[in-house]
Amino acid sequence: MSEERSLNFLEEIIEEDIATGKNGGGVYTRFPPEPNGYLHIGHAKSICLNFGLAQKYHGKTNLRFDDTNPETEDTEYVESIKEDVKWLGFQWEHELYASDYFEQLYQFAVKLIEQGLAYVDDSAPEEIAVQKGTPTEPGVASPYRTRSREENLDLFAAMREGKYQDGEKVLRAKIDMASPNMHMRDPIMYRIRHAHHHRTGDKWCIYPMYDFAHGQSDAIEQITHSFCTLEFIPHRPLYDWFIEKLDIFPSKQYEFARLNLNFTITSKRKLLQLVNVGFVDGWDDPRMPTISGLRRRGYTPASIRDFCDRIGVAKRENSIDMSLLEFCIREDLNKSAWRRMAVLDPIKLVITNYPEGKDDILVGENNPEIDGGEGSRQIPFSRELWIEREDFMEEPPKKFFRLGPGLKVRLKHAYIVECTDFVKDENGVVTEVHANYIPESKSGQDTSGINVKGTIHWVSVAHAKTAQVRLYDRLFHIEDPAGAGQDFTELLNPESLQVIPAVYIEPDLVSAEKGKGYQFIRKGYFSLDKDSTPENLVFNRTVTLKDAWAKEIKKG
Ligand code: ATP
Ligand code: MG
C-alpha cells in the first residue's frame, strides 16, 4: 500500500532537505514521551511516524524521556514505554533522558543570562499572568526585567542552591512583551520545585520548562526533524529563538495533526483518572486505548502499524472512526489466526443414529487462509455435541439455514445432520435437540450428494474443555466523550465488559499460546488473557467477526 501512495507533507519536507544536502542529508528523529502514564494509540501514531520516517530515509530515532516534571513521573512508566515501543516493532538508537541534560541546560541558561537575554523574576505567578497581557493587548514589563547580569547570575545560582521556596522566583527569557505571540512574551524558562525526581533524586530543585528543555535536547542530540502535534505551532518561534541565541545545532520543529479516535479518550491524564478511580482494571485493561491494553486485548503490532499507515498524516485535526482500527485487526487476524471451535451459549445436540461410546477423530486445518493450512489439529467427535442455542429454532422461519425440525445443516469438519426432534423441560425451554447424521457426508470425502446451505460449529460433550470468555465493547457509549461538555467518567458504556464464566472449547485450545490470535469460528477473534492459567483458561474477545454468519454459509 505504502509504495503506491503519494508523499505526505512530512516526507516532502524530508526529501527536500535531503536533496539540498541540509544537515549532510541525514535524518535523525526522536520520540519524546513524558513518563507520566502509559502510551496510548495516539502515541502509536507518533511512534510510527518518527521511527517510520527515519527507517524510510535510512536515518535514526532516539527514544527520549521528556522528564522535566518530577511530581508526575515514574520509573514504572519508563519501563512500560520501552516495552510498548519494542513491541510495536521499533528499535531506538539511544535511550536518553532530558534529565541527563539538566547540567547542560543550566549552563545554556547561564549563557543567556550573560547575553542579557534572561532574568530572574520575583513576581508571583498571578502577577506574571497579568503582565503577559492578552492576545489583543500588549503585555507590560516585570519590574525585575532590568536586573543586572551579575545580579541575575547570583540569583539564578541561589535558586539552584535551594535558597528559595517553590514559586518564589522564576527565570524568564527576555524577548518581547509586546509580541503578538504570547509565547514570546518573556516565557518562563525555569521554576523552583523542591521535589524528588525519578532519576536525579534530590539533586535539583529547579526544573526547566518544556520550551526550554525540548528544543535544547533536540539540539544536543542533533535531531534534524522534530515532529510534534499542532498545538505546538505557536511554540515554534520560541523553539527557534533559543536555538539561535544559544548558537547550537539547528534542529527544526514540524507539526502534524494529533490522532483523535472516537468512542474513546486519548489523554494520559484522563486515562489515569479511569485507572485511579477503578473504572477499569489498570492501564492494560483490554478496553483501554493504551498500547498495553490493545496488546492484552489481542491486537497485533502489525495491525496497529497498518492502522497508523492508513490514517496517514494531516495538517488539520480530525477524528478517526474506531471501526478503522477494528478493521485493521480483523484483516491481520483473518490471515494469521488459527481456527478453533467454541460454544458460548450451549444446548445439547444428540445424534441418535451414532453409536453410543464411539469416538471419531476428525481433522481441521489451522488456517484455511494459508496454503497448506499451517498444519492441522485433531477434533474429537461423538454422539453428544454442544452447539449454540441460537443455531436451533423450534419454529424456524423460511431462510433459517440452521437446525429446526426437519432441517439439515453441516457440522463443521464433520457430517451433515438432520434434525428429527427436540426435548423441552417443564418451563418450555428446549434442553436437547435430536438429529440423525448422514455417514457418507463426512467433510472432505462427502459422497452423499446432499447440499446444505448452513454450517455450524460444535464441541463434543465428552471431550469439551471449559474456559472463561470476556467479551468487550466500546468503553464509552458516545462518540466524543472528551468533548461532550460533561464529566467523561459518566459516559462510560455500562456494557463494555461481559464475562461468560464457562464456555465449551475444543480440547486443542488447552494448548493455546499467549500472544497468538484464534478465530472461534463464527464467534470472533480471541486471545488468551494474561490472567489465564492452564487450570483456568481465560480468553479475551479481541474483535467480533464481521458478517461472520454470511461468510460461513458461503464456505459450506
Ligand atoms: P497526553 O495528552 O496523552 O499526555 P502528551 O502529548 O502530553 O499526550 P507525551 O508523552 O508528551 O504525551 O507525547 C509524546 C509524543 O507523542 C509527543 O511528540 C506527542 O506530540 C505525541 N502524541 C501524543 N498524543 C498524540 C496523539 N493523540 N496523536 C499523535 N501524536 C501524539
Ligand atoms: Mg506532552
Side-chain angles (χ1 to χ4, degrees), residues 8 10 29-54 61-69 71-74 76-82 84-85 88 90 92 95-99 198 208-211 213-215 217-218 221 223 225-236 239 251-275 283 288-294 304-305 307-320 322 324-325 480-483 488:
N8 66 46
L10 296 178
T29 63
R30 87 288 170 259
F31 172 63
E34 183 178 352
N36 62 353
Y38 281 61
L39 297 181
H40 52 63
I41 185 76
H43 295 110
K45 173 170 175 176
S46 175
I47 293 169
C48 290
L49 198 89
N50 279 295
F51 283 90
L53 286 172
T61 307
N62 285 344
L63 173 61
R64 184 202 313 144
F65 292 97
D66 204 344
D67 56 349
T68 55
N69 292 312
E71 294 99 335
T72 52
E73 295 159 1
D74 200 275
E76 175 197 345
Y77 300 133
V78 168
E79 293 309 317
S80 76
I81 289 169
K82 283 160 59 176
D84 289 350
V85 174
L88 278 174
F90 297 108
W92 50 86
E95 174 187 332
L96 300 165
Y97 295 80
S99 57
H198 76 115
M209 301 296 287
Y210 171 88
D211 285 315
H214 204 92
S217 302
D218 284 344
E221 295 171 21
I223 298 303
H225 299 80
S226 179
F227 301 117
C228 60
T229 41
L230 295 182
E231 63 272 24
F232 289 97
I233 290 177
H235 296 248
R236 196 197 318 141
Y239 182 103
S251 298
K252 285 281 170 200
Q253 173 184 304
Y254 303 93
E255 308 85 11
F256 64 96
R258 59 182 289 119
L259 164 67
N260 299 307
L261 196 61
N262 66 9
F263 292 102
T264 190
I265 266 173
T266 45
S267 149
K268 274 182 285 188
R269 191 176 49 79
K270 290 187 173 136
L271 294 173
L272 177 63
Q273 221 176 311
L274 294 180
V275 173
W283 283 99
M288 291 278 270
T290 50
I291 296 178
S292 49
L294 290 166
I304 296 175
R305 290 196 306 263
F307 172 72
C308 292
D309 200 34
R310 284 172 194 269
I311 57 179
V313 286
K315 287 190 207 180
R316 276 214 269 141
E317 295 263 346
N318 62 352
S319 177
I320 302 290
M322 179 68 97
L324 181 61
L325 183 60
D480 183 13
F488 70 95

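Every number for a ligand or one of its atoms is a count from 1 in the order of the listing. Starting from 1, each residue takes its place in the sequence as its number.
- Without hydrogens or angle criteria, Lys268 side chain to Glu34 main chain gives a donor-acceptor distance under 3.5 Å.
- Interface atoms of ligand 1 facing Pro33, defined by a heavy-atom separation under 4.0 Å, are 10 (O), 14 (C).
- Under a 4.0 Å criterion applied to the non-hydrogen atoms of Leu259, ligand 1 contributes the atoms 26 (C), 27 (N), 28 (N), 29 (C).
- Ligand 1 lies out of reach of Asp66, whose nearest heavy atom is not under 4.0 Å from it.
- The structure places CD1 of Ile320 at 14.0 Å from OG1 of Thr264, a figure rounded to the nearest 0.5 Å.
- Listed by number with element, the atoms of ligand 1 under 4.0 Å from a non-hydrogen atom of Pro32 are 14 (C), 18 (O).
- Applying side chain to side chain contact (heavy atoms under 4.5 Å, CB included) to Pro33 and the options Ile81, Asp67, Asp66 leaves one that passes, Ile81.
- Among the atoms of Arg269, none of the N or O lies under 3.5 angstrom from an N or O of ligand 1.
- Taking the six-membered ring where the residue is Trp, the centroids of Tyr239 and His235 are separated by 6.0 Å or more.
- Less than 6.0 angstrom separates the ring centroid of Tyr254 from the ring centroid of His225.
- At a 3.5 angstrom cut-off on N or O pairs, His43 counts as close to ligand 1.
- Residue contacts with ligand 1 leave out Phe232, since none of its heavy atoms falls under 4.0 Å from the ligand.
- Considering backbone and side-chain atoms alike, Lys45 places every N or O at 3.5 Å or more from each N or O of ligand 1.
- Each of the following atoms of ligand 1 lies closer than 4.0 Å to a heavy atom of Ser267: 3 (O).
- Ring geometry for His198 versus Tyr97: interplanar angle of 30 to 60°, hence tilted.
- Atom numbering of ligand 1 starts at 1 in the shown order; those under 4.0 Å from a heavy atom of His40 are 3 (O), 24 (N).
- Checked against a 3.5 angstrom limit, the closest N/O atoms of Asn36 and ligand 1 fall outside it.
- Looking at Asn69, its side chain never comes within 3.5 Å of a backbone N or O of Thr72 through a donor-acceptor pair.
- With hydrogens and angles disregarded, a donor-acceptor distance shorter than 3.5 Å links the side chain of Arg30 to the backbone of Phe227.
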